[in-house]
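Structure, as structure tokens:
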Amino acid sequence: MRSPITRALKEWAIAIKALETGKTIMLLRKGGIREQGGHFTVTSTQVLLYPTYEHQKPDLLKPEYACQIKTVPSGWHPETIPIGSRAEIIEILPVTAESTVAALLPYHIWNEKFVSERLKWKPRNPLYILLLRTYRLQEEREIPYLPEYGGCRSWIDLATPFDIERAQPILSDAEFAQQVTAIRRAVHG
């Protein structure tokens with residue numbers, strides 16, 4: 001039996017929607033401005049998915065995703081945050097070559113501009129490909145936004161623990177394994 005968890009990974013709401021609908025199993029990370037030591041590190045492999053809205057930019061998404069978001073002013077956040085899924089980070093693949101990242105374009109929601117900008121920001125640091133097995137929680141819950149959830153960081157601890165025991169995988173084992181294999185092939189050539 002698993003204990004309830006509070007650790008959450010912050011990500012654009014549109015990316016979480018793509019994870020929750022099986023459109024992708026990967027995230028691309030360089031690290032938030034407030035990351036410890038300025039570098040991205042995975043602090044937990046079992047996480048809740050916390051949607052953010054402030055930094056979503058349509059011009060960094062593929063057209064089919066760009067049309068699904070509206071931009072919000074800097075510092076805006078909703079009064080409540082919907083938490084409906086959790087993920088297991090099953091693999092972290094550091095990537096530095098633009099050609100490798102270009103080979104991954106079919107497997108995520110971002111466009112070439114996003115990828116290029118991420119590679120150029122802190123160019124000595126790799127871009128991390130996170131492979132996630134996403135699960136839908138038994139029920140989505142709205143939690144109140146708290147000031148400690150704000151800021152440019154990847155990881156937060158929620159004030160409310162979530163039971164993840166009966167969460168259901170978004171993709172079947174076979175579908176998930178097929179995507180993992182394809183992504184690994186793209187990364188390792």
Salt bridge (charged side-chain N to carboxylate O under 4.0 Å, His left out) partners for [X], two or more places apart:
X: Glu175; answer: none
X: Arg118; answer: none
X: Glu20; answer: none
X: Lys113; answer: Asp59

To the nearest 0.5 Å, tell me how far [X] [atom1] sits from [Y] [atom2].
X: Ile14; Y: Ile109; atom1: CD1; atom2: CD1; answer: 6.0 Å
X: Ser44; Y: Leu9; atom1: OG; atom2: CG; answer: 9.5 Å
X: Ile25; Y: Leu171; atom1: CD1; atom2: CG; answer: 7.5 Å

Counting only heavy atoms from other residues, nucleotides and ligands, does the tally under 6.0 Å from [atom1] of [X] exceed 12?
X: Lys10; atom1: NZ; answer: yes
X: Glu148; atom1: CD; answer: yes
X: Glu64; atom1: CD; answer: yes

Contact between [X] and [Y] at the side-chain level, heavy atoms closer than 4.5 Å - yes or no?
X: Leu137; Y: Phe162; result: yes
X: Glu165; Y: Gln138; result: no
X: Leu60; Y: Glu117; result: yes
X: Leu158; Y: Ile143; result: yes
X: Asn111; Y: Tyr65; result: no
X: Met26; Y: Leu132; result: no
X: Arg29; Y: Glu11; result: yes
X: Ile164; Y: Pro4; result: no

**Request:** State which residue, out of Leu48, Val47, Asp163, Thr134, fulfils the side chain to side chain contact (heavy atoms under 4.5 Å, CB included) condition with Arg86.
**Result:** Leu48

**Asked** Out of Ile89, Asp173, Thr45, which residue meets the side chain to side chain contact (heavy atoms under 4.5 Å, CB included) rule with Arg133?
**Response** Asp173

**Request:** Would you please test Leu28 and Ile129 for side-chain contact (heavy atoms from CB on, under 4.5 Å) and show each step?
**Result:** CA-CA 5 Å; Leu28 306 173; Ile129 310 304; 3.0 Å; yes

Do any N or O atoms from the side chain of [X] and from the backbone of [Y] form a donor-acceptor pair under 3.5 angstrom?
X: Glu54; Y: Gly75; value: yes
X: Lys30; Y: Tyr128; value: no
X: Lys23; Y: His108; value: no

**Request:** Verify the cluster assignment for Ile90 and Val42: are they in a single hydrophobic cluster under the rule of side-chain heavy atoms below 4.5 Å apart?
**Result:** yes

**Item:** Trace of the side chain to side chain donor-acceptor pair (under 3.5 Å) decision for Lys70 with Gln56
**Value:** CA-CA 8 Å; Lys70 63 178 184 172; Gln56 295 186 119; over 6 Å; no

Could I get the full list of side-chain contact (heavy atoms from CB on, under 4.5 Å) partners for [X], not counting sequence neighbours?
X: Glu98; result: Ser116, Leu119
X: Thr80; result: Glu142
X: Thr71; result: Pro58
X: Pro51; result: Ala13, Ile16, Tyr53, Ile81, Pro82, Ile83

Can you give the donor-acceptor pairs under 3.5 Å from side chains of residues 178-189 to other protein atoms, not counting sequence neighbours?
residue	atom	partner	partner atom	Å
Thr181	OG1	Ala177	O	2.9
Arg184	NE	Glu91	OE1	2.7
Arg184	NH2	Glu91	OE1	2.6

Who pairs with [X] by ring-ring contact (aromatic ring centres under 6.0 Å, His included), at least two apart in sequence or on another chain?
X: Tyr50; result: Tyr149
X: His77; result: Tyr145
X: Tyr107; result: none

**Request:** Specify the closest pair of heavy atoms between Thr6 and Pro161, including all atoms of both residues, with the distance to one decimal.
**Result:** CG2-CA, 3.6 Å

**Asked** Of the non-hydrogen atoms in Ile170 and Gly22, which two are nearest, and what is the gap between them?
**Response** CG2-N, 3.5 Å

**Request:** Carefully, step by step, assess Gln168 and Tyr135 under the rule side-chain contact (heavy atoms from CB on, under 4.5 Å).
**Result:** CA-CA 5 Å; Gln168 296 295 312; Tyr135 298 81; 5.9 Å; no

